Amino acid sequence: GDVEVSEGIDYARFYTTSMKQFAELPDVDIAPKGTILVISPWNFPCAIPIGGIVAGLAGGNTVILKPATVAAPVAWLFAKAFWDAGVPKEALQVIITDREALKVLTTAPAVKHIILTGGTDTAQNIARSNPATPLSAETGGKNAIILTASGDRDHAIMNIVASAFGNAGQKCSACSLLLVERSVYEDKNFQDKLKDAATSMKVGSVWNPGNVVGPNKLLKALELEKGESWLVPPRFLDKHKYVLAPTVKWGVRPGNYSFRTELFGPMLSVVCIENLQQGIDLVNSLEYGLTSGLQSLDEGEQKLWKDSIMAGNLYINRGITGAIVNRQPFGGMKLSAFGGGVKAGGPNYCACFVNIADKPGSTTDYTQSYVKAYEQEFAHARDVNNLYGEQNAFRYLPLKNMVLRLFPGDNNEDAKMIALAARICHTPLSISFEPGDDRTAALASLGCPLKEEALAGFLKSMKNYERIRTCGADIPMEMYEEAARIDKYIATAKPVKDGRVELIHYIKEQSISFEYHRYGSILEVPSVE
């Protein structure tokens, strides 16, 4: 309860502060989108919905909160705190619905943006039932820690057990996969210590404050597949099989059910790897990319891993749960996130829920503004907290590729702005346009591949790009529908001249947390880059 309430306070303080930074930009107009629908989960009944509410309200929107039904009493208490603090009930409402009523809400024209924290399938269903309404969703994860032969084994076991079994393994960031280099994997001493650490955790009712692992329900993954065995066999404390003690499955292989499936419970699957590169390849082969960890004291391995792993929150030599607002902005990649790749608790999150446009008659030179913004905000990793003993770097990464789809009503100057922004952010951009709307002469100098193709052909090619860009939201519904079907994001905001705003569309965000002290002793502060 302390952690959740503290995080809720952090959101309330940080989002209002970060929104002011956009409001103070001199050359843009900012307007609220309208009504924001926040759909929050049961496992964090306080902090997560408060974050969604504050993000919506900070932009001047009205907010409807739909909490998980079992979390409704908590939601009602903090909603009353908002109302008592002066937020009008016309601006914040709380509703409890069944599935049919929720579907009415998620497809309502009055709702202009949806914030979801929940399952990947839930996000997909919402996106496909109402593809034109923007969705910002933090979804599931199949989160892994890699332990190499260069890792501190005792320290690693402490971090692994805390990440896998804390909160009964029911955090979306929890570790459910452990990939261990063979020399460590086959070490009987390591196996015994991991087993001892897992079995020593106190399990039982949540009403006993001495217990660490509480109720859950996890059955299918408790069946062994070929080659698998139990290092710590499953043990239920109750006849209903709700309270499962920490469980460790040994000999899990790529492709097995417990390797690829998100498991919301206290079960850890251990995989043998030959080297770090194989571990990275296996982790990157998963559909998810939320949190990921490395236990290694080798600086070369640390660099290889952090520059290769595809996940939103990276952790080196520490646990992979417990992200803190501003310190470790939270959000994933691949099927762990839906939307523009902007992290909750980060500097750009509130800007997702407002409409930002150039001021009428703006004289801003976007060629200079984009370069300046990139250098000041986007080019370099930074640690805004500067803790002693733990580095928390926040950085922007280029997209693998992107496509701009132009329509006859779009002007070439907007296309040039988009092309320049993508180039400055090092994101490869292709430009697609309709047959008969030839842009070749006007856009040839941009250096982007130009493709003349009918809408049907473009729709088929959308799956080949990490993100799609347009010059506005008035686009064919078929584009929205196809994007929802293939889990792609379309950035539809009209381009603006202010680089601090525009360049957000061409990057993705990543947080790296590195515990660089050794049992309290600090040898050297690592470079943030």
Side-chain angles (χ1 to χ4, degrees), residues 142-171 174-204 210-214 216 218 221-237 243-254 256-259 263 265-276 278-279 282-283 292-298 301 305 315-321 515 517-521:
K142 188 64 185 175
N143 309 305
I145 292 177
I146 298 175
L147 169 59
T148 75
S150 300
D152 180 327
R153 300 180 190 186
D154 291 344
H155 191 66
I157 288 172
M158 178 184 71
N159 292 327
I160 291 160
V161 168
S163 301
F165 305 128
N167 287 66
Q170 293 176 325
K171 286 186 174 182
C175 172
S176 62
L177 270 181
L178 173 61
L179 289 75
V180 185
E181 195 165 354
R182 183 173 293 279
S183 62
V184 183
Y185 179 89
E186 294 178 344
D187 181 1
K188 184 66 164 55
N189 187 47
F190 171 76
Q191 296 176 22
D192 290 343
K193 286 185 175 181
L194 177 60
K195 180 178 180 179
D196 182 64
T199 55
S200 65
M201 300 188 79
K202 294 183 179 180
V203 186
N211 291 327
V212 176
V213 182
N216 52 77
L218 180 70
L222 301 181
E223 302 171 3
L224 292 176
E225 296 185 59
K226 184 178 179 180
E228 296 179 343
S229 61
W230 296 114
L231 181 68
V232 179
R235 178 174 63 91
F236 288 99
L237 271 65
V243 185
L244 175 67
T247 302
V248 181
K249 182 184 284 191
W250 202 258
V252 175
R253 299 174 182 175
N256 286 13
Y257 177 83
S258 57
F259 180 90
L263 304 172
M267 196 189 87
L268 178 67
S269 299
V270 184
V271 182
C272 180
I273 57 173
E274 299 301 328
N275 51 55
L276 175 59
Q278 183 189 22
L282 289 175
V283 173
S292 204
L294 174 69
Q295 299 288 323
S296 172
L297 301 177
D298 185 291
E301 289 188 339
W305 178 82
Y315 299 91
I316 301 173
N317 293 334
R318 55 150 284 175
I320 66 171
T321 65
E515 188 177 281
H517 69 81
R518 298 274 291 126
Y519 303 103
S521 176

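Nothing fancy with the numbering, it's 1 onward along the sequence. These numbers were taken from a predicted model, which means no experiment stands behind them.
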**Q** Closer than 3.5 angstrom, by distance alone: can the side chain of D152 be matched with the main-chain N or O of D154 as a donor-acceptor pair?
**A** yes
**Q** May I have all residue pairs that pass salt bridge (charged side-chain N to carboxylate O under 4.0 Å, His left out) and include part of residues 176-188, sequence neighbours excluded?
**A**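 For residues 176-188: R153-D187, R182-E186, R182-E274, K188-D192.
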**Q** Locate the shortest heavy-atom distance separating L237 from A245; write the atom from each residue and the value.
**A** CD1-CB, 4.3 Å
**Q** Can you list everything that forms a salt bridge (charged side-chain N to carboxylate O under 4.0 Å, His left out) with D298? Sequence neighbours excluded, please.
**A** none
**Q** Listed by chain and number, what are the side-chain contact (heavy atoms from CB on, under 4.5 Å) partners of N275, not counting sequence neighbours?
**A** Q277, Q278
**Q** Can you list everything that forms a side chain to side chain donor-acceptor pair (under 3.5 Å) with S176? Sequence neighbours excluded, please.
**A**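 If we apply the side chain to side chain donor-acceptor pair (under 3.5 Å) test to S176, skipping adjacent residues, the hits are K142.
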**Q** Take M201 and N211, measure what side-chain contact (heavy atoms from CB on, under 4.5 Å) needs, and give me the verdict at the end.
**A** CA-CA 8 Å; M201 300 188 79; N211 291 327; over 6 Å; no
**Q** With a 3.5 Å distance limit and no angle check, can you tell me whether S150 reaches the backbone of S296 through a side-chain donor-acceptor pair?
**A** no
**Q** Apply side-chain contact (heavy atoms from CB on, under 4.5 Å) to S229 and list each qualifying residue two or more places apart in sequence or on a separate chain.
**A**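 side-chain contact (heavy atoms from CB on, under 4.5 Å) list for S229, sorted by chain: W250.
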**Q** Within the distance-only criterion (no hydrogens, no angle test), does the side chain of Y185 pair as donor or acceptor with the backbone N or O of L179 below 3.5 angstrom?
**A** no
**Q** Distance check, rounded to the nearest 0.5 Å: F259 atom CZ versus E225 atom CD?
**A**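 These two atoms lie 12.0 Å from each other.
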**Q** What residues, two or more places apart in sequence or in another chain, satisfy ring pair (Phe, Tyr, Trp, His ring centres under 6.0 Å) together with H517?
**A**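 Applying ring pair (Phe, Tyr, Trp, His ring centres under 6.0 Å) to H517 gives none.
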**Q** For A197, what residues pass the side-chain contact (heavy atoms from CB on, under 4.5 Å) criterion, not counting sequence neighbours?
**A** I157, V161
**Q** Which heavy atom of A198 sits nearest to which heavy atom of F165, and what is that distance?
**A** CB-CE1, 3.8 Å
**Q** What's the separation between atom CG in N256 and atom CG in L224, rounded to the nearest 0.5 Å?
**A**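 With rounding to 0.5 Å, CG (N256) is 10.0 Å from CG (L224).
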**Q** For K195, what residues pass the side-chain contact (heavy atoms from CB on, under 4.5 Å) criterion, not counting sequence neighbours?
**A**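 Once residues adjacent in sequence are excluded, the partners of K195 under the side-chain contact (heavy atoms from CB on, under 4.5 Å) criterion are T199, L231, V232.
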**Q** For the pair T148 (side chain) and I146 (backbone), establish whether a donor and an acceptor sit closer than 3.5 Å, ignoring hydrogens and angles.
**A**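 No; judged by distance alone, with no hydrogens or angles, the pair does not exist.
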**Q** Kindly state each residue pair satisfying salt bridge (charged side-chain N to carboxylate O under 4.0 Å, His left out) with at least one member in residues 228-237, sequence neighbours excluded.
**A**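 Listed by first then second residue: E228-K249.
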**Q** Testing the basics here: between L263 and S258, what is the closest heavy-atom pair and its distance to 0.1 Å?
**A**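 Scanning both residues, the minimum pair turns out to be CD1-CB, 4.0 Å.
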